[in-house]
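Within every chain, numbering begins at 1; the chains are lettered A, B, ... in the order of the sequence lines, protein sequences first and strands thereafter.
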Number of protein chains: 2
Amino acid sequence: MSRTLPEPSADSLDLTVVLSALADPARRALMAALYRNAEPVDCSAVVAETDLDLSTPTISHHYRVLREAGLTRTVAQGRKRIVTVRHDDMEARFPGLLAAVLAPR
Amino acid sequence: MSRTLPEPSADSLDLTVVLSALADPARRALMAALYRNAEPVDCSAVVAETDLDLSTPTISHHYRVLREAGLTRTVAQGRKRIVTVRHDDMEARFPGLLAAVLAPR
DNA sequence: CAAATTCTTTGACGCTCATCGAACGATAGC
DNA sequence: GCTATCGTTCGATGAGCGTCAAAGAATTTG
């Protein structure tokens, strides 16, 4: 059993919301970790790949912002949340943006 | 006579600062107008190309943020300020970013 | 010099945001 | 059924931001 958490449709993605989400270093660190790992993983596994030192409420808040911006898709599986980057939707709406923002260094 | 207002060096551009600057719709409108006009123009002429309805202090504030983020170069000429996009510096540091963010529509 | 133009600075106001601790919810495992 | 695990929600706090009116530079023009 799994359910996808509410998210904006592909054509309703707003650049202001997207850029505001990406402007935060912590969220960008999460996105970068998600971006390079092809395999879907749960929230805490992603955090483990970063060097973020934030409380779980704060991490949860950042995931929500990313999801509500349309940058990620979150699927609830059991007590875990599987988070993936919405590559295609982002590329269709803002071509090249993720690559430019999440490019290594 | 003309003098260039203080701005960050090309290699000290910070993505967080850049994205924060671009996240605001008003600043993005200014950037878009600057981006498409090749010829350098003064502040108020740029504003005239947009449909922004903001007080002059607010406009001035936004120009400052853009300049301090390293997105624009401002040269004081007489009582005017000539603002240009730092294309090359931005492209060197964050390839494709401006194109992705300032693409029409 | 005086007046008009162009832009900046200052100070204030309201709002949003990142962060945390504490409490809660849901699920898996024993 | 307990208990541990993974994550969310709530409430609060402190910092920062976008905005404006008023006042201040700096420069051109009459």
Side-chain angles (χ1 to χ4, degrees), chain A residues 1-7 14 16-31 33-34 40-69 71-84, chain B residues 1-7 14 16-31 33-34 40-69 71-84:
Chain A
M1 245 272 315
S2 72
R3 72 190 171 90
T4 301
L5 272 55
E7 65 184 22
D14 178 43
T16 298
V17 177
V18 166
L19 289 179
S20 298
L22 291 173
D24 185 271
R27 285 193 291 264
R28 226 162 46 238
L30 291 176
M31 281 297 293
L34 289 168
V41 280
D42 60 296
C43 290
S44 49
V46 176
V47 176
E49 292 182 30
T50 72
D51 53 353
L52 293 175
D53 185 29
L54 296 171
S55 67
T56 38
T58 300
I59 294 289
S60 183
H61 162 69
H62 285 317
Y63 274 123
R64 172 200 273 262
V65 172
L66 290 174
R67 173 173 54 83
E68 292 183 342
L71 284 160
T72 59
R73 169 162 297 128
T74 304
V75 178
Q77 273 188 13
R79 53 190 172 185
K80 297 188 174 182
R81 302 288 183 275
I82 308 300
V83 185
T84 53
Chain B
M1 245 273 315
S2 72
R3 71 189 172 88
T4 301
L5 271 56
E7 65 184 23
D14 178 40
T16 297
V17 177
V18 166
L19 289 179
S20 299
L22 291 173
D24 185 89
R27 284 193 291 264
R28 227 163 43 240
L30 291 175
M31 281 297 293
L34 290 167
V41 279
D42 60 294
C43 290
S44 48
V46 176
V47 176
E49 293 182 29
T50 72
D51 52 355
L52 294 175
D53 185 27
L54 296 171
S55 67
T56 38
T58 300
I59 294 290
S60 183
H61 163 69
H62 285 317
Y63 274 123
R64 173 200 273 263
V65 172
L66 291 175
R67 174 173 54 84
E68 292 181 342
L71 283 160
T72 59
R73 169 162 297 128
T74 304
V75 178
Q77 270 188 14
R79 55 189 171 186
K80 297 188 174 183
R81 304 288 184 275
I82 308 299
V83 184
T84 53

Between Leu66(A) (CG) and dT8(D) (P), how many Å, whole number?
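Going from Leu66(A) (CG) to dT8(D) (P), I get 12 Å.
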Rounded to the nearest angstrom, tell me the gap between atom CZ in Arg64(A) and atom P in dC6(D).
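Computing the Arg64(A):CZ to dC6(D):P distance gives 21 Å.
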Would you mind listing every salt bridge (charged side-chain N to carboxylate O under 4.0 Å, His left out) that reaches into residues 20-29 of chain A, with sequence neighbours excluded?
none
Name all residues meeting the side-chain contact (heavy atoms from CB on, under 4.5 Å) criterion together with [X]; count only those two or more places apart in sequence or in a different chain, and write none if there are none.
{"X": "Val47(A)", "answer": "Leu30(A), Thr50(A), Ile59(A), Tyr63(A)"}
{"X": "Thr74(B)", "answer": "Leu5(B), Arg67(B), Thr72(B), Arg81(B), Val83(B)"}
{"X": "Glu68(B)", "answer": "Arg64(B)"}

Pairs: protein N or O with nucleotides 11-16 of chain D N or O, under 3.5 Å:
none

List the protein contact pattern of nucleotides 21-30 of chain D with one symbol per nucleotide (5' to 3'): B for base contact, S for sugar-phosphate-only contact, - for none; contact means a heavy-atom distance under 4.0 Å.
BB----BB--
Do His62(B) and Leu54(B) make a side-chain contact, defined as non-hydrogen atoms from C-beta onward lying under 4.5 Å apart?
yes
Does Thr56(A) reach the side chain of Ser60(A), with side-chain heavy atoms less than 4.5 Å apart?
no
For DNA chain D, which residues of residues 46-53 of chain A approach it to below 4.0 angstrom with any heavy atom?
none
Who passes side chain to side chain donor-acceptor pair (under 3.5 Å) against [X], sequence neighbours left out?
{"X": "Gln77(B)", "answer": "none"}
{"X": "Ser44(B)", "answer": "Asp42(B)"}
{"X": "Ser55(B)", "answer": "Thr58(B)"}
{"X": "Arg79(B)", "answer": "none"}

So which atom in Thr16(A) and which in Pro25(B) form the shortest heavy-atom distance, rounded to 0.1 Å?
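Minimum heavy-atom separation between Thr16(A) and Pro25(B): OG1-CG, 3.6 Å.
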Ala69(B) versus Val18(B), closest heavy-atom pair with distance
O-CG2, 3.7 Å
Using a heavy-atom cut-off of 4.0 Å across all strands, would you classify [X] as base, sugar-phosphate, or nothing?
{"X": "Leu54(B)", "value": "sugar-phosphate"}
{"X": "His61(A)", "value": "base"}
{"X": "Ser44(B)", "value": "sugar-phosphate"}

Opening and closing nucleotides of DNA chain C in contact with chain A, under 4.0 Å to non-hydrogen atoms
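Nucleotide range in contact with chain A: dA18(C) to dA28(C).
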Approximate separation, where rounding is to 0.5 Å, of Ile82(A) CD1 and Thr4(A) OG1:
11.5 Å
